[in-house]
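Down below is the structure, laid out as structure tokens.
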Number of protein chains: 2
Amino acid sequence: MTYSLTPAIQDYLEVIHDLSKHDSKVRITDIARKLNVAKSSVTEAIELLHAKNLVQKERYGPITLTRNGEREAAKLKYKHLLISKFLRDVLNVTADTAEKDACLIEHVVSVETMLALIQLLESKNYLDNDIDIEEVKILLSTNSLSNLAPGTKGTIKRVEATGELRRRLMEMGVTSGDDIQVKRVAPMGDPIEITVKGYNLTLRKNEAAAILIEIN
Amino acid sequence: MTYSLTPAIQDYLEVIHDLSKHDSKVRITDIARKLNVAKSSVTEAIELLHAKNLVQKERYGPITLTRNGEREAAKLKYKHLLISKFLRDVLNVTADTAEKDACLIEHVVSVETMLALIQLLESKNYLDNDIDIEEVKILLSTNSLSNLAPGTKGTIKRVEATGELRRRLMEMGVTSGDDIQVKRVAPMGDPIEITVKGYNLTLRKNEAAAILIEIN
DNA sequence: CTAATAAGTTAGGTTAAACTAACAATATTA
DNA sequence: TAATATTGTTAGTTTAACCTAACTTATTAG
């Protein structure tokens, strides 16, 4: 039930992502320090992220990103990185301004523009070889089915599941390339009703989370 | 006393600018329709724009942009136009996405990045000849002195005044190229105390409005 | 293993930007 | 010109994102 994240909430996600590189258990105080906000503001924001299934947290406990949160944070990180690189290497903007502008533009830029930007950077050979740009393109252009609002139409791009879960989804007829529509989403995003190949399916949230959709 | 405008308020300014091309007397209802908000929201926003000296309006009367409002609106228009052109012509993004992204990016992009973007568009000969790009650069990189917060340091880029007003400003020692610092600003932005060439000057708002500052 | 310190939460307040509903002023038209 | 319609304002809510201050729970140091 992510639907859409405000810039402010995206900033929290990004900071949590950064901090969890040093220590996967992130604390409220560190987030507050990084974002220059009061602890109470963080508590509130974390509640929201929790409700949207982007972080795990219990009372007085540390914060960890969920798989979903990880994905959304990674999207932001790559947007930031690519925009910043473009500003520095193509436009020759100072590093400082590039960072600041990237921080703001990353929250509003469309996927289409991001893909076009990647193409430009690729054509000029400005991309580091240590990032798998094809994976980044897929990351940016897809959403986990568990994040989509009722009514959304798209195409299954990938089923990120193995073993039993994968088998079950295949059996239901969930395969890459299929068109899909989200019919209904229960409170808390579980379960999710969808239509694939004319069939109505009801998926558990953890099943839906494994399915990557490219929105039309 | 503009100091800074939120994206929402910038949108109002832009719409007023657009509408005033057809008819210089803009009405609340038209703005509401264009922005898809309630009339009461517009009334409120206009009050703010009025307080910031960007529009003129009296009770139940039509809205007109002030000189200041005109300048700020023009900045936004050019940002929009240039970003959109870049997205379409350089990145080959669809016209629709280019418009949407430009609408969002224009509110957050820095002047430095805008100037760099212009340079790129110039070097590729993508700019229409009917816009005076040197004037646009000056427009984007300057602010009217009447909009600056106390403490701001900058350089006088131009004195946009003629006749008596120009003569008086020259006499005070206000000339292009001088460094300037805003010392104090009275409530309602009138008068404004500044330092130029070591001298303390007190300017009326209409005098300050004519002085364009490039912020350091 | 307490006592002091730090971390997290709760309660209550503020601001910007929206909203609806009711009302007042202005325009239109019959 | 009176009746109607349109336009603009006011009052009162709502939501997101912040805040401070007071409090509770954890952690750390003697």
Side-chain angles (χ1 to χ4, degrees), chain A residues 1-16 19-20 22-65 72 76 103-104 106-108 149, chain B residues 1-16 19-20 22-65 72 76 103-104 106-108 149:
Chain A
M1 298 218 309
T2 304
Y3 300 0
S4 85
L5 303 174
T6 62
I9 286 298
Q10 291 179 25
D11 279 335
Y12 281 99
L13 249 195
E14 250 181 304
V15 164
I16 296 167
L19 290 171
S20 62
H22 295 261
D23 186 345
S24 69
K25 283 154 200 292
V26 177
R27 284 169 318 157
I28 296 269
T29 310
D30 297 329
I31 300 171
R33 203 179 357 250
K34 268 254 190 180
L35 281 175
N36 241 303
V37 297
K39 291 180 297 172
S40 56
S41 304
V42 180
T43 301
E44 204 173 2
I46 295 299
E47 243 164 64
L48 222 162
L49 287 169
H50 184 75
K52 287 183 183 295
N53 256 288
L54 295 161
V55 303
Q56 273 194 300
K57 164 140 202 317
E58 37 214 39
R59 243 161 149 275
Y60 291 100
I63 298 150
T64 48
L65 287 170
E72 293 307 313
L76 289 166
C103 264
L104 298 170
E106 68 186 36
H107 298 304
V108 300
Chain B
M1 296 221 307
T2 305
Y3 300 2
S4 85
L5 303 174
T6 61
I9 287 298
Q10 291 179 26
D11 280 336
Y12 281 99
L13 251 195
E14 251 182 304
V15 164
I16 295 167
L19 290 172
S20 61
H22 295 262
D23 186 346
S24 69
K25 284 156 197 291
V26 178
R27 286 170 316 158
I28 296 269
T29 309
D30 297 329
I31 301 172
R33 201 177 0 246
K34 266 254 189 180
L35 281 175
N36 240 303
V37 297
K39 292 180 296 170
S40 56
S41 305
V42 179
T43 302
E44 204 173 1
I46 295 298
E47 244 165 62
L48 222 160
L49 287 169
H50 183 76
K52 288 184 185 292
N53 256 287
L54 295 161
V55 302
Q56 273 193 301
K57 163 133 204 315
E58 36 215 41
R59 244 165 147 273
Y60 290 101
I63 298 150
T64 49
L65 286 171
E72 293 306 314
L76 288 166
C103 263
L104 298 170
E106 68 186 35
H107 298 303
V108 299

Is the shortest side-chain heavy-atom distance between B:Leu49 and B:Leu13 below 4.5 Å?
yes
Look at the side-chain N and O atoms of A:Ser41 and state whether any lies under 4.0 Å from the OP1 or OP2 oxygen of D:dC19.
yes
Spacing of A:Leu19 atom CG relative to C:dA7 atom C1', expressed in whole Å:
15 Å
To the nearest 10 degrees, the angle between the two end axes of the helix from C:dC1-D:dG30 to C:dA30-D:dT1 (five pairs per end) comes to 10°
Would you check if B:Asp23 and B:Asp30 make a side-chain contact, meaning some heavy-atom pair closer than 4.5 Å?
no
Separation of A:Leu49 atom CG from C:dG8 atom C1', in whole Å?
16 Å
Between B:Ile46 and B:Ile31, is there a side-chain heavy-atom distance shorter than 4.5 Å?
yes
Phosphate oxygens OP1/OP2 of C:dA27: is one of them under 4.0 Å from a side-chain N or O of B:Arg27?
no
Can you confirm whether A:Lys57 sits close enough to A:Ile28 that some side-chain heavy atom of one is under 4.5 Å from a side-chain heavy atom of the other?
yes
Taking the side chain as everything from C-beta on, heavy atoms only, tell me whether B:Val42 gets closer than 4.5 Å to B:Lys39.
no
Could you state the atom-to-atom distance from CZ of A:Arg33 to P of C:dA7 in whole Å?
7 Å
Can A:Leu54 and A:Leu5 be said to form a side-chain contact (heavy atoms from CB on, under 4.5 Å), step by step?
CA-CA 11 Å; A:Leu54 295 161; A:Leu5 303 174; 3.8 Å; yes
Integer-rounded Å distance: D:dT25 C1' and A:Lys57 NZ
12 Å
Find which nucleotide of DNA chain D each of A:Glu44 and B:Glu47 is nearest to by heavy atoms, and output the residue with the more 5' nucleotide.
B:Glu47
Look at the side chain of A:Ala38 and decide which nucleotide, out of D:dC19, C:dG8, D:dT10, has an atom nearest to it.
D:dC19
Here the distance between atom C1' of D:dC18 and atom CG of A:Asn36, to the nearest Å, is 12 Å
Look at B:Ser40 and D:dT9 and indicate whether a side-chain polar atom (N or O) is within less than 4.0 Å of OP1 or OP2.
no
Which ones in residues 5-16 of chain A lie close to DNA chain D, meaning a heavy atom under 4.0 Å from one of its atoms?
A:Thr6, A:Ala8, A:Ile9, A:Tyr12
With heavy-atom distances below 4.5 Å as the criterion, would you say the side chains of B:Val26 and B:Val55 are in contact?
no
With heavy atoms under 4.0 Å as the rule, sort A:Thr29 into base, sugar-phosphate or nothing.
sugar-phosphate
Let me know the distance between CD1 of B:Ile46 and P of C:dA16, rounded to the nearest Å.
16 Å
What is the separation between atom CD1 on B:Ile31 and atom P on C:dA17, rounded to the nearest whole Å?
15 Å
Min side-chain heavy-atom separation B:Val37-B:Tyr12 under 4.5 Å
yes
Quick one: A:Leu35 CG to D:dA17 P, roughly how many Å, whole number?
12 Å
So do the side chains of B:His107 and B:Glu14 get within less than 4.5 Å of each other, counting heavy atoms only?
yes
Closest approach to the side chain of B:Tyr60, judged atom by atom: which nucleotide of D:dT9, D:dC19, C:dT9 is it?
D:dT9
Is any side-chain N or O of B:Lys39 closer than 4.0 Å to OP1 or OP2 of C:dA24?
no
What's the spacing between B:Leu104 CG and A:Leu104 CG if we round to 0.5 Å?
12.0 Å
